[in-house]
Structures are given as structure tokens and as C-alpha cells.
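Report on one structure; see the data block that follows.
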Amino acid sequence: MAANSKIEPYNPAEIEAKWRAAWEEKPVNKEDSKKPKYYCLDMFPYPSGSGLHVGHWRGYVISDVWSRYQMMNGGHYVIHPMGWDAFGLPAENFAIQHGVHPRISTKENVDHIREQIKQIGAIYDWDMEVNTTDPDYFKWTQWIFVQMFKNGLAYQKEMPINWCPSCKTGLANEEVVDGKCERCHTEVTKKNLNQWMLKITAYADRLLEGLEGLDWPEKVKKMQTDWIGKSYGAEVDFEIDWSNVPESADGKIHMLREKFIRVYTTRPDTLYGATFMVLAPEHKLVEQITTEAQKDAVDAYVKQAMNKSNVDRLQDKEKTGVFTGSYAINPLNKEKIPIWIADYVLADYGTGAIMCVPAHDDRDFAFAKKFDLPIVQVIAKDGVEIEDMQEAYTDAAGTMINSGDWNGKESADLKVSAPEEIEEKGYGYKKVNYKLRDWVFSRQRYWGEPIPIVHCEDCGAVALPEEQLPLTLPEVEKYEPTGTGESPLAAIESWVNTSCPQCGKPAKRETNTMPQWAGSSWYFLRYVDAHNDEMLVSKEKADKYLPVDMYIGGVEHAVLHLLYARFWTKFLHDIGVVSFDEPFKKLFNQGMITGKNGVKMSKSLGNVVSPDDLIRDYGCDSLRMYEMFVGPPDLDSEWDDRGIDGVYRFLGRFWRLVNENLERETQETPELLKTRHQLIHTISTRLKQFNLNTVISGYMEFNNKLLDMSAQGGVDRETLKVFVQLVAPVAPHIAEELWSRLGETDSVFHSTWPEADETLMKEDQIEIALQVNGKTRGVLNINIDENKDTVIQKAKDALGDKLSGNIVKEIYVPNKIVNIVVK
RNA sequence: GCCGGCAUGGCGGAAUUGGCAGACGCAAGGGACUUAAAAUCCCUCGGGCGCAAGCCCGUACCGGUUCAAGUCCGGUUGCCGGCACCA
């Protein structure tokens with residue numbers, strides 16, 4: 001059937017320009033306190049100079065589809081803002097190379113990317129726009145820091161921290177990936193610096209417990225759980241046997257000597273099996289307990305361990321270590337056990353010292369084998385003591401042996417009860433530990449929020465009073481990091497020299513800046529009250545519009561931004577700024593769009609696909625739809641330009657379907673009614689479940705079906721309207737155009753999402769499969785919900801002589817299948 | 001090493017609670033329309049055997065449970081992701 005020749009062809013450029021202008025003038029989503037709110041948030045971008053590619057689009061399209069769906073389904077006022085995470089190194093490096101102030105280049109980049117993002121045709125409310133580098137914004141970032149300082153959560157500490165020699169700045173643990181800088185992949189070294197730290201560890205338990213109630217991908221929750229790394233165990237004291245270290249040797253006297261070495265263990269049940277101890281090379285007792293004979297070897301080892309880079313320390317799985325010459329006493333069996341030092345023991349976890357149970361720990365086993373130390377099994381594996389052990393038995397499962405009065409107990413029970421027993425006997429304490437470390441918060445770079453602290457000789461570190469915020473960055477000539485651990489700000493004397501806010505004496509400003517993650521740790525709160533001069537967000541707005549209902553972005557921030565933002569939100573909750581303590585109720589991680597063969601799109605590889613040409617050739621709606629159709633939204637997908645032809649052709653046919661039926665006045669038939677409700681049901685279900693790629697295939701399937709019906713008589717107006725509504729979230733421009741052609745005067749996005757009536761969508765005739773012994777041998781048309789006996793009789797008739805042998809069993813799954821088992 | 005996830009045509013991918021594997025699309029081939037091309041429309045499209053009706057094989061591999069397995073269970077291999085000496 002030829003298309004009606006009078007129908008004008010689908011012209012996306014014209015339609016999209018028309019509706020872009022109309023929406024610009026009269027936005028479809030405006031603040032309306034009478035409607036229920038829905039907050040759908042994108043992870044805001046860093047405004048880089050290279051602009052957006054089709055991969056960036058995906059997340060923004062997903063969130064816009066979801067936002068528009070929320071507007072229509074439930075009549076929500078949707079908070080859907082966009083902003084800029086604009087502090088950071090690229091702008092600063094650009095300044096170093098070209099002498100352009102980061103403020104200037106950042107503004108240019110923001111203006112450029114804002115225009116690109118507008119191409120997506122999303123319902124962003126630009127009145128809410130925030131920029132982390134705007135003094136009116138970072139005033140509040142600094143304010144939060146001051147509150148943390150006042151509450152003892154921001155503190156200074158001199159310690160060896162992760163240092164990136166290329167970025168010339170300190171890094172948080174979260175920013176070190178495989179021993180390398182998360183940004184530039186340079187090997188991270190250690191540097192001893194006085195740092196500002198944020199006490200995220202004070203929130204370790206709450207950050208862990210809070211995960212339980214969140215509708216987040218399990219993967220992300222697990223990553224955070226592992227990162228926090230909570231473990232249960234005991235701290236146990238081992239008495240030091242000082243007899244090998246004469247007190248007079250280096251002038252030390254007994255009184256100053258520690259009596260015990262304290263260790264942390266998660267396996268107190270294996271205490272009888274501890275046959276040696278190992279201290280971290282940095283442990284404070286190492287010097288004291290080392291005997292004269294071992295001194296040279298120990299000194300050499302400590303020196304070498306200190307010089308090892310993170311990467312070496314990670315890669316060298318081979319155990320190394322030296323004997324200190326001293327012994328300790330196992331508190332339970334009173335055995336004398338040697339004390340070693342080795343770099344496999346970390347100085348900054350637990351107590352920096354461990355008891356070693358080689359029979360039941362892989363690392364201790366490897367160490368014992370290498371240095372020929374005794375191995376004593378204390379848990380029977382499968383009821384027996386292993387002869388000539390080849391690997392450690394690490395399960396806490398089995399009966400205790402070689403363990404004094406613990407013999408015969410179950411190790412799994414003992415693992416739980418031992419800490420208390422040890423506590424009663426006075427050898428130690430029950431103890432919980434975390435892998436999470438405090439957040440190294442200082443950066444020795446220019447383009448970040450200045451830390452609002454003044455150092456006064458008399459008063460120490462003093463926070464700037466609130467009325468002096470924001471503390472803005474001074475103009476500088478040189479942006480180069482010094483590399484010495486000092487910020488470039490330290491060279492600006494006129495800025496550094498100030499007076500103490502407390503006593504008025506001359507004092508110096510803190511010259512470090514905050515890390516990139518500071519501004520992004522709370523931006524989602526600011527959007528809903530972006531122009532408030534009085535506070536970071538009013539109580540009223542916060543209560544009305546927060547927290548975030550749906551957060552959409554890449555998985556790469558699982559333990560960085562998402563952990564920090566949760567921490568800051570909990571803190572702001574505790575000081576009464578907001579009344580909730582989890583910022584993001586639901587999280588969705590979209591998969592990455594890659595180039596051919598799953599290679600990440602990058603400028604240097606030249607495989608970046610720009611949306612610009614595609615929009616020109618196919619239009620925004622086609623690109624939006626293809627972003628959804630390219631693959632399941634949560635998985636990575638390879639971009640293939642050719643695929644967009646498919647959705648473009650579909651939109652052309654959809655255009656034709658509606659237009660060729662505009663004037664027809666087709667009456668609704670039972671068949672059309674049924675199809676309409678099946679369509680509503682199919683699309684709504686898939687949309688709700690976030691199966692966005694199959695939403696698109698659903699459109700295509702029903703469009704083909706309706707085109708057939710159109711050719712055979714026509715499609716009624718109500719069905720067309722419903723179809724247009726269902727397409728609207730994905731392809732808003734064409735939908736709005738067709739909606740108005742169907743005679744509607746208000747926006748399709750102000751219409752109510754159609755509901756499927758299950759009774760109307762039911763087929764009355766259905767085709768089911770006929771099987772013999774589980775193999776399909778034909779199909780059968782039956783009435784829906786037809787009685788079992790009738791169906792089976794029909795099936796037997798239809799199968800006829802394919803049914804040879806005795807019928808053993810007849811299976812009928814209603815409306816699905818008949819299976820006859822013969823022998 | 002430990003912990004997760006995944007494995008389906010030439011390609012991207014569909015398949016409620018186990019119930020006709022390959023929806024939808026891309027690419028490819030054929031046809032219609034056209035002076036021609038583009039666009040559009042129609043048909044074919046997992047492999048093998050067969051003139052045909054039809055039969056056999058097929059969801060990484062091996063085995064199991066079941067009337068019935070892409071789906072569940074046990075084992076193996078490969079790929080991806082996270083953690084990486086946290087005691």
C-alpha cells in the first residue's frame with residue numbers, strides 16, 4: 001500500500017527548531033508547589049575544552065527520558081538541573097601553558113558545553129544552574145569546611161601521604177588506583193606533609209549502615225562496603241622478652257621500655273597457633289627491640305622498605321623481612337616466639353603489628369616457609385591434623401587442637417567468643433577495625449577552593465568568620481605548582497599575610513586548596529535554592545524538594561564522589577542543615593559508549609563520535625532514540641553510526657502513521673482497542689523496569705502492526721494519541737508536533753500517561769506450541785483460557801500420527817504449551 | 001590471589017515464575033517503483049540433510065535435575081569489572 005502522497009515528509013530540522021523555540025519561551029516543566037516533586041539528577045560534568053561526544057549524551061538522555069516520564073506519569077514537578085564541576089587540573093594546566101586565567105578558560109568551556117547540552121533537548125531548568133568555581137557557590141563549600149573544623153572533623157596532621165609527582169599534589173586514598181594517580185596515571189610516591197584531613201572515619205559505621213536502605217546497584221554498595229572494610233576481632237597484648245637487649249647498650253633504661261606489643265587479629269580463635277610476630281618496618285618499637293647483632297640488617301631493611309614505592313610494594317608478592325633478635329611471649333601457651341619485621345605488615349592499619357599463625361593464614365604461611373619458622377595447626381581440617389602442610393587452612397571451620405583448654409571447641413564459635421574470653425583473662429580487648437582512612441583534603445594547587453583558615457602564632461589554626469566568606473583566590477602570575485609541597489598561593493605575600501581573626505595579630509593564610517571532590521560533595525543540595533545568599537539551602541526548600549529521587553551517572557565514582565557526598569550529607573544532617581542523611585535514594589549507572597571493539601572514546605585515539613553531524617543529518621530525536629536503542633542502558637555499548645538509520649526510518653514511519661490517519665475519522669474497533677492497550681502495557685512495563693532499549697523495539701513492533709491496520713482501514717485518533725504520548729519521553733519534538741496535529745493545544749508533557757486496561761488487552765484466540773516429548777511438533781490455535789481437556793483433545797487430533805506409542809503423560813500449561821509424553 | 005558480573009546468528013541485541021530460542025534493528029541478498037539513482041515499499045536471512053512435506057543439530061564447554069533448560073544445580077574454560085599483603 002503506497003503512502004499517501006499528500007503527506008509531507010518527516011523533517012526533523014524544521015520540527016525541532018519550532019519546538020525548541022516554543023519550549024524556550026514557555027518551558028513545560030516549571031516549579032509548581034501543588035504538584036508532587038520528583039528529583040532526577042545527572043552527575044554534573046567537568047567542562048572540558050574538548051566538548052561532548054555521543055557517550056556523554058547517553059546518561060543525559062536517559063535522565064531526560066526518565067524525567068519526562070515522571071512528569072507525565074504522576075504529574076510530578078520534576079527537578080532536573082544541570083551545573084558545572086569546574087575546579088580542577090585541566091583548566092590550571094591550560095593556564096600554565098597559555099597564560100590564560102582558569103576563570104576565563106573555564107567560562108569559555110562552560111558556555112560551549114552549555115550550548116552542546118542544550119542540543120539534547122532536555123528539560124533542564126537553567127535557573128538552577130550552579131558552578132563550583134563561582135564565589136557565591138564556593139562560599140558555602142568553605143562554610144561547610146568551617147563547620148567541620150568547628151566540629152573537630154577537619155584537622156591537620158603531618159604524615160606521609162600519597163603524592164603525585166606529575167600533578168605535584170597530594171592525593172586521597174580514593175584517588176590512588178593501582179598505585180597510580182587516578183587522573184594522570186603517574187606512579188604515586190610518598191611525601192611527608194602537613195595536611196588537612198577530614199575525619200570520614202568518624203562516619204564509617206553510618207556510611208556502612210546507610211547503604212542497606214538504598215536502592216542502588218548491588219555492585220556499588222559492595223564496593224563501598226569493601227572500601228569501608230569493617231572487621232571484627234581483638235587486640236591482644238604480647239609481653240616482650242627484653243632479655244636479649246641489654247638495657248645499658250644504648251643508654252635506655254627499663255622504665256621507658258614498653259612491656260607489651262599489641263596486635264590486632266580477626267582470628268583470635270587461632271591464638272595458640274601464633275608462632276612468631278611481625279612488626280611493620282615503621283613500628284615505633286623496632287629500634288628498641290632490635291638486638292646489637294641484628295642492628296645492621298634491620299636498619300638496612302627499614303631503609304629499603306621506606307624507599308619502596310607503592311607500586312613496588314604492591315607488586316612484590318614475595319615475602320621479605322628480617323629477625324629483630326628479640327622474642328615475645330604468647331599469652332596463652334607462654335611460648336617464646338621470635339619478633340620479625342616485614343613490609344607486608346602495614347603501619348597504618350590495626351596496631352602496625354601482627355601475631356602470625358602460619359597454619360591458618362596464607363601470608364603468614366608464605367613467610368614461615370620462606371624463613372623456616374614453626375607451623376602449628378590449631379584447627380583440625382576434616383577432623384584431622386594435616387601432615388606436611390602445603391598451604392594454610394584459612395577457613396574458620398573445624399575443631400580446635402593444640403589449643404590448651406580450647407581443645408575440642410568449634411573454631412567458628414570460638415572466633416566469636418574468644419575476644420570476650422581474652423578480655424576476661426586480661427590479655428586484650430574486643431576490637432572493630434576499618435580499612436577506611438581519613439580523607440586527605442589539601443591540594444597544593446591553584447585552581448581550587450582556598451581553605452578558609454588563618455594560622456596564628458598565638459591562636460593556632462583559626463577559621464575565617466562567616467562574614468569573611470567567600471575567601472577568593474588571588475590573581476597570580478604563575479600557576480605552576482612548586483613541587484615542594486607548597487601551593488602556588490604561598491608565593492603571593494599580599495594574600496598570605498593577614499591578621500588573625502581571633503587576636504588581630506599578624507598571621508598567615510592557609511595556602512592549600514581543596515580537592516576537586518569538595519564542590520561536588522553537596523551541589524545537589526544547592527540546585528533547589530541556587531540563589532540563596534543567606535544559607536546554602538533554606539530549610540523550606542530542602543524539606544520540599546530533597547533528597548534526590550534518582551541519580552544517574554557513570555560507575556567510576558563509586559568510592560569517590562558517592563562516598564564523599566554521603567559523608568557530607570550526613571554531616572549536614574547532624575548540624576541541622578538538612579533533615580535526611582542519605583542524599584541519593586536511587587542510583588543508576590549507565591554503561592559507557594565505546595568506539596569500535598570496546599575501546600574507550602578518546603581524542604588521542606581519534607575514535608570520538610561527535611553528536612553534531614548526527615543531529616544535522618538525522619535530528620535530535622533520532623539521536624536520542626538511538627542512544628537508547630544501542631544497547632541495554634546499564635551495559636557498555638559499542639557505537640555504530642549505521643544503527644541510527646534504523647531509528648530514523650522508524651520515526652519516518654511513525655510520522656507517516658499518524659499523518660495518514662489525521663483526516664480519516666476512523667472508528668475504534670475491538671482490534672484497535674486491544675492493540676492500543678497492549679501497546680500501553682508493553683511500553684509502560686519496559687519503561688518502568690528501565691529496559692529502555694526494548695522500549696524502542698516495542699515502538700517499532702507496534703508501529704509496524706498499526707501501519708498494517710492503517711492500510712487495512714485506518715487507525716482511530718485515540719490510539720494515535722496514546723502512541724504519541726508513549727513516544728514523547730524519548731522523542732519529544734516529533735511527539736509534540738504530532739500531538740498538536742492531533743488537535744491538542746496544551747503540551748503532550750502536560751497530558752496524563754495512559755493506563756493499560758488488562759481486560760481490554762487480552763487476546764481471545766491464542767497460538768500455543770504443541771510438543772511431543774518436549775520437542776515442538778506444531779502449533780495450535782485455541783480460545784484463551786480454554787478448558788484443559790478440550791485443548792488436549794485438540795492437540796491429539798492435530799498431532800495425529802506424530803503421536804506413536806503409548807501416552808505416558810499429558811501436560812498443559814494454560815495458554816502456553818501442550819506437551820504429550822509418549823513411550 | 002580474593003570477590004562480583006558476563007558468555008545467544010555476520011553484527012547490536014530480544015526471550016515473566018523453566019514453556020515455540022533468535023523479537024526489534026543493522027549489515028547482506030533478491031524483487032517492486034524509477035529513464036536512472038536516492039528515498040520508499042515487499043520478500044529471504046543460525047547450521048546441516050532433503051525435490052518436497054519434513055527431519056536432525058544449535059544459546060562458551062562437560063555433566064545433572066525436569067514432561068520441558070539460554071533460564072535451575074555441579075564442574076571447566078574464556079572475557080570484563082572491583083579489591084589487592086587491611087592480619
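Because the structure is predicted, anything quoted here is derived from the model rather than measured. In what follows, chains carry the letters A, B, and so on, assigned in the order in which the sequence lines appear, proteins first and then strands, with residues in each chain numbered from 1.
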Item to check | Atom pair distance, as rounded to whole Å: CG in A:N11 and P in B:rA39 | outcome: 17 Å
Checklist entry - Base, sugar-phosphate, or nothing: which does A:V630 touch, judged by heavy atoms less than 4.0 Å apart? => result sugar-phosphate
Item to check | Whole-Å P distance, B:rC83 and B:rA14 | outcome: 27 Å
Checklist entry - Would A:I228 and A:K435 count as a side chain to side chain contact (heavy atoms under 4.5 Å, CB included) if you check the C-alpha gap in whole Å, the side-chain angles of each, and the deciding distance to 0.1 Å? => result CA-CA 5 Å; A:I228 295 165; A:K435 290 186 194 175; over 6 Å; no
Next on the checklist: If I take atom CE in residue A:M628 and atom P in nucleotide B:rA14, what distance separates them, rounded to the nearest angstrom?
Outcome noted: 14 Å
Checklist entry - Which letters describe nucleotides 20-25 of chain B, given B = protein heavy atom under 4.0 Å from base, S = only from sugar-phosphate, - = neither? => result BS-BBS
Show every donor-acceptor pair shorter than 3.5 Å between a side-chain atom in residues 345-355 of chain A and any protein atom, with sequence neighbours excluded, or say none if there are none.
unit_1 : atom_1 : unit_2 : atom_2 : d
A:D348 : OD1    : A:R437 : NH1    : 3.0
A:D348 : OD2    : A:R437 : NH1    : 2.8
A:Y349 : OH     : A:S231 : OG     : 3.3
A:T351 : OG1    : A:R262 : O      : 2.6
A:T351 : OG1    : A:A353 : N      : 3.4
A:T351 : OG1    : A:A353 : O      : 3.2

Checklist entry - Sequence neighbours excluded, which residues qualify as side-chain contact (heavy atoms from CB on, under 4.5 Å) partners of A:P632? => result A:D634, A:L635, A:N693
Heteroatom pairs (N/O) under 3.5 angstrom, protein to nucleotides 3-8 of chain B:
unit_1 : atom_1 : unit_2 : atom_2 : d
B:rC3  : O2'    : A:K222 : NZ     : 2.9

Next on the checklist: What contact category does A:S231 fall into here, base, sugar-phosphate, or nothing, at under 4.0 angstrom with non-hydrogen atoms?
Outcome noted: sugar-phosphate
Item to check | Length of the line joining A:D640:CG and B:rA28:P, which is rounded to integer Å | outcome: 11 Å
Checklist entry - Choosing from B:rG19, B:rC85, B:rA27, which nucleotide comes nearest the side chain of A:R642? => result B:rA27
Item to check | Syn/anti state of B:rG29 by chi, 90° boundary around 0 | outcome: anti
Checklist outcome for this item: For RNA chain B, consecutive-pair runs of 3 or more (Watson-Crick or G-U wobble, both H-bond-type distances under 3.5 Å) give B:1-7 with B:77-83, B:10-12 with B:24-26, B:28-32 with B:40-44, B:46-49 with B:54-57, B:60-64 with B:72-76
Could you go over nucleotides 57-59 of chain B and give all protein N or O partners under 3.5 Å, atom names and distances?
unit_1 : atom_1 : unit_2 : atom_2 : d
B:rC57 : OP2    : A:K775 : NZ     : 3.4

Next on the checklist: Does B:rA87 have OP1 or OP2 under 4.0 Å away from a side-chain N or O of A:Y344?
Outcome noted: no
Checklist entry - Among all residues two or more places apart in sequence or in another chain, which pass the ring pair (Phe, Tyr, Trp, His ring centres under 6.0 Å) test with A:H677? => result none
Item to check | Side chain proximity check, A:V818 to A:E810, heavy atoms < 4.5 angstrom | outcome: no
Checklist entry - Got a sec, which residues hit side-chain contact (heavy atoms from CB on, under 4.5 Å) with A:E767, two or more places apart in sequence or on another chain? => result A:V779, A:N781
Checklist entry - Expressed in angstrom and rounded to an integer, what is the separation of A:E282 atom CD from B:rC85 atom P? => result 13 Å
Checklist entry - Looking only at atom P, what distance separates B:rG54 and B:rC45, rounded to whole Å? => result 15 Å
Checklist entry - Can you tell me how far P of B:rC80 sits from CG of A:D634, to the nearest Å? => result 19 Å
Item to check | Exercise: do A:T201 and A:D438 side chains pair donor with acceptor under 3.5 Å | outcome: yes
Checklist entry - Rounded to whole angstrom units, what separation is found between the CD atom of A:Q689 and the P atom of B:rA15? => result 9 Å
Item to check | Distance, P atom - from B:rC61 to B:rG70, rounded to whole angstrom | outcome: 12 Å
Item to check | All side-chain contact (heavy atoms from CB on, under 4.5 Å) counterparts of A:N589, not counting sequence neighbours | outcome: A:P217, A:V220, A:V555, A:L587
Item to check | ring pair (Phe, Tyr, Trp, His ring centres under 6.0 Å) involving A:F367 - partner list, sequence neighbours excluded | outcome: A:F276, A:W340, A:Y344, A:F371
Checklist entry - Do A:Q712 and A:D708 get their side chains close enough for a donor-acceptor pair, meaning under 3.5 Å? => result no
Checklist entry - Looking across every strand, which nucleic acid part, if any, lies under 4.0 Å from A:P632 by heavy atom: base, sugar-phosphate, or nothing? => result sugar-phosphate
Item to check | B:rC51 to B:rA36 separation - C1' atoms, rounded to the nearest Å | outcome: 40 Å
Checklist entry - When you compare B:rC73 with B:rC6, how far apart are their P atoms, in angstrom units rounded to a whole number? => result 12 Å
Checklist outcome for this item: By nearest-nucleotide position on RNA chain B, the 5'-leaning member of A:I811 and A:N691 is A:N691
Checklist entry - Does a nitrogen or oxygen in the side chain of A:R777 sit under 4.0 Å from OP1 or OP2 of B:rC55? => result yes
Next on the checklist: Just by distance, no angles: are the side chains of A:D645 and A:Y618 close enough, under 3.5 Å, to form a donor-acceptor pair?
Outcome noted: yes
Checklist outcome for this item: Sequence neighbours excluded, the answer for side-chain contact (heavy atoms from CB on, under 4.5 Å) partners of A:A392 is A:D362, A:F365, A:T394
Next on the checklist: Reading RNA chain B from 5' onward, which residue's closest nucleotide shows up sooner: A:K809 or A:L635?
Outcome noted: A:L635
Next on the checklist: From CG of A:N589 over to C1' of B:rG82, roughly how many Å is that when rounded to an integer?
Outcome noted: 13 Å
Next on the checklist: According to ring pair (Phe, Tyr, Trp, His ring centres under 6.0 Å), who are the partners of A:Y203, at least two apart in sequence or on a separate chain?
Outcome noted: A:F567
Next on the checklist: Assess the residue pair A:V822 and A:V808 against the criterion (side chain to side chain contact (heavy atoms under 4.5 Å, CB included)); give the C-alpha distance rounded to whole Å, side-chain angles, the decisive distance to 0.1 Å, and a yes or no.
Outcome noted: CA-CA 5 Å; A:V822 296; A:V808 183; 5.7 Å; no
Item to check | Span that lies between the P atom of B:rA32 and that of B:rG48, in whole angstrom | outcome: 28 Å
Checklist entry - For A:W227 and A:E174, does a side-chain donor sit closer than 3.5 Å to a side-chain acceptor? => result yes
Next on the checklist: Taking the P atom in each of B:rG19 and B:rG82, what is the distance between them to the nearest angstrom?
Outcome noted: 34 Å
Checklist outcome for this item: Separation of B:rU40 atom P from A:I7 atom CD1, nearest Å, is 15 Å
Next on the checklist: If only side-chain N and O atoms count, and only distance matters, is there a donor-acceptor pair under 3.5 Å linking A:Y812 with A:D789?
Outcome noted: no
Checklist entry - When rounded to the nearest Å, what value does the distance between P atoms of B:rC85 and B:rC11 take? => result 40 Å
